[in-house]
There are 2 protein chains.
Amino acid sequence: MDRMAVAGATSFSAANISERAALPPALALSTVIFALRPSENSGRPTLWLPLVRRIREPFKDLWALPGGPLTQADSLQDAAARNLQETTGLAPNYLEQLYAFGGLHRSPSQRVVSIVYWALVQSTQADLAQETENVKWFRADGLQELAFDHNEIVDYALWRLRNKMAYGSIAYHLLGETFTLAQVREVYEAVLNRSIDPANFRRQLKQAAHIEATDEFLQGGKHRPPRLYRYTGERQGEQPGSLFSAH
Amino acid sequence: MDRMAVAGATSFSAANISERAALPPALALSTVIFALRPSENSGRPTLWLPLVRRIREPFKDLWALPGGPLTQADSLQDAAARNLQETTGLAPNYLEQLYAFGGLHRSPSQRVVSIVYWALVQSTQADLAQETENVKWFRADGLQELAFDHNEIVDYALWRLRNKMAYGSIAYHLLGETFTLAQVREVYEAVLNRSIDPANFRRQLKQAAHIEATDEFLQGGKHRPPRLYRYTGERQGEQPGSLFSAH
DNA sequence: CTAGTTAAAGTCATTATGACTTGAACTGAT
DNA sequence: ATCAGTTCAAGTCATAATGACTTTAACTAG
């Protein structure tokens, strides 16, 4: 390997790039979208995500993450949100960059660098987005074989979601405007895949205190009506832009 | 805005992209490299990073992050590591993707999408990489104005580093093969920018136990010789690849 | 009116944490 | 050789956080 001159290394113009390679890598955007839906058998809330069927080669007829090209007029984040809207009709409660995947052989013909986002939407939204021949919702765990490296991408998104959930406030982005404490607990149980003591969970939530109690109660249940709460924190994803836009 | 057919949304070939825009965005790689060096005044270890002087427009004569084009033969991670080697001669102890920056006006002429990595190197390595006219080390806090959006990028890398430090094991990647517990504490103090109780810190380290005691002691000091320890955990960065390579 | 169920709050033992103290080991000056 | 000064290393103690469990309140179905 030849060692370049140190000072010139940062001047990477498009001309420089095309000097080195005949075919530059293509840029793509994809999004992993999570929503909570009742499981088929138990009825308890579980994690689902929408996939689209590929109608062309490569990987024709396999399921893949929704995505599309990077539109020139938008930032990466805006392009991802617009793409989500165009492909699935969903408006995310939470949207954050996941990772840039750039392995050499992700796509058989040309090299593709995918900048992948992940999003959370409410169940109500997920219900609205009706399924078609080529768009279906799947349970996030135990997915079949997907196109490209999308199985790995989903697994990584799941890992990130569980990580953030552990000590964050994203759980609320899977819920509506108001919610009961039991619903928050069900979100945690669905994502972390384990049962949680209701009493202790309640105690922690109330002292963490990015939620406030309303004076309303959820009616219509079979038992004692639970109080409704409201989330008082931020509504956007953690990304560099939001960090520095404040000052 | 025209709504694309749902099923076709994932088929993003290079042809598709160039249909929509005359000039596709350029792809670039940059890296934020942190090392510990003694402060000029206090002598205590502080965070430093190397920058390179731009010798062309735009932002001629301003300092910028080291980087370069995406080489065709390497994965993103490998390309970042190779770039590091070529521009600064440094071999990182830790290398992880930071973020893909794709704002519309990051570079004045053409749109540039930068995939940025961040790295940790040992102080001994940092000392070896001698400074030149166009490569200099700077203190990570209170940086002057840099080229492009590199100030924001450095701030974000600092934020990630502090986050990871809080409950992780990356501190050891800034140290050598063996180290004293006081040195680990100095890393934490330098990164988190606050003093830490030595006794309590020692207790936590020993029960966290991704380190093991050697039977050697650091000689040559002015006082009681401290025991040397060795890190027993992983040596690579957290990235999707390493997560799934195990099974 | 009662049994059954969930909501909500409280109890208690165990563990983790922060502030502080004590003793051990070494150097350099007297 | 002794002692002052410094750091290493371990220990103490009060407080806070956590997990397992119990108790009481509020509602519905029968």
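The chains referred to below are lettered A, B, ... by the order of the sequence lines, with proteins before strands, and numbering in each begins at 1. Computed over heavy atoms, backbone and side chain alike; hydrogens, waters and symmetry mates excluded.
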> Rounded to the Å, how far apart are Phe179(A) CZ and dA7(C) P?
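Between P of dA7(C) and CZ of Phe179(A): 15 Å.
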> Between the side chains of Glu189(A) and Arg194(A), is the shortest nitrogen-to-carboxylate-oxygen separation below 4.0 Å, so that they form an ion pair?
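No, no charged N to carboxylate O under 4.0 Å.
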> Between Asn163(B) and Arg160(B), is a side-chain hydrogen bond (donor to acceptor under 3.5 Å, both in side chains) present by the stated rule, with each step listed?
CA-CA 5 Å; Asn163(B) 243 28; Arg160(B) 273 273 274 275; over 6 Å; no
> Ring centroids only, cut at 6.0 angstrom: are Phe138(A) and Trp63(A) within range, meaning strictly under it?
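Between Phe138(A) and Trp63(A), the centre distance is under 6.0 Å.
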> Let me know the distance between CD of Gln183(B) and P of dA9(D), rounded to the nearest Å.
11 Å
> Between protein and nucleotides 16-20 of chain D, what N or O pairs are separated by less than 3.5 Å?
{"from": "dG19(D)", "atom 1": "OP2", "to": "Gln204(A)", "atom 2": "NE2", "distance (Å)": "3.4"}
{"from": "dG19(D)", "atom 1": "N7", "to": "Arg203(A)", "atom 2": "NH2", "distance (Å)": "2.9"}
{"from": "dG19(D)", "atom 1": "O6", "to": "Arg203(A)", "atom 2": "NH1", "distance (Å)": "3.3"}
{"from": "dA20(D)", "atom 1": "N7", "to": "Asn200(A)", "atom 2": "ND2", "distance (Å)": "2.9"}
{"from": "dA20(D)", "atom 1": "N6", "to": "Asn200(A)", "atom 2": "OD1", "distance (Å)": "3.1"}

> Taking Val116(A) as the fixed residue, which of Tyr156(A), Phe101(A), Tyr99(A) is the one that meets the side-chain contact (heavy atoms from CB on, under 4.5 Å) rule?
Phe101(A)
> What is the distance, to the nearest angstrom, from the CZ atom on Arg202(B) to the C1' atom on dG18(C)?
17 Å
> With a 6.0 Å cut-off on ring centres, are Phe179(B) and Tyr229(B) close enough?
no
> For the CD atom on Glu145(B), are there more than 12 heavy atoms of other groups (residues, nucleotides or ligands in this structure) within a distance under 6.0 Å?
no
> Rounded to the nearest angstrom, tell me the gap between atom CD1 in Ile196(B) and atom P in dC20(C).
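Those two atoms, CD1 and P, are 16 Å apart.
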> May I have the distance from Phe201(B) (atom CZ) to dA16(C) (atom P), rounded to whole angstrom?
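In whole Å, dA16(C) P and Phe201(B) CZ are 17 Å from each other.
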> Return the value, rounded to whole Å, for the distance between atom CG of Leu218(A) and atom C1' of dT5(C).
15 Å
> Can you classify the ring geometry of Phe148(B) versus His150(B) as parallel (below 30°), tilted (30 to 60°) or perpendicular (above 60°)?
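Tilted, since the angle between the ring planes falls between 30° and 60°.
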> In whole angstrom, give the distance that lies between atom CZ of Arg227(B) and atom P of dA9(D).
7 Å
> Walk along nucleotides 24-30 of chain D from 5' to 3' and tag each nucleotide B, S or - by protein heavy-atom contact under 4.0 Å, base first, then sugar-phosphate.
-BBSS--
> I want to check one thing: is the phosphate of dA9(D), taken as OP1 and OP2, less than 4.0 Å away from some side-chain N or O of Lys206(B)?
no
> Should the ring pair His210(B) and Tyr172(B) be called parallel, tilted or perpendicular, given that the plane angle runs from 0 to 90° and is split at 30 and 60?
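Perpendicular: the ring planes of His210(B) and Tyr172(B) meet at over 60°.
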> Under a 4.0 Å N-O cut-off, is there an ion pair linking Glu216(B) with Arg227(B)?
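Looking at Glu216(B) and Arg227(B), the cut-off is not met.
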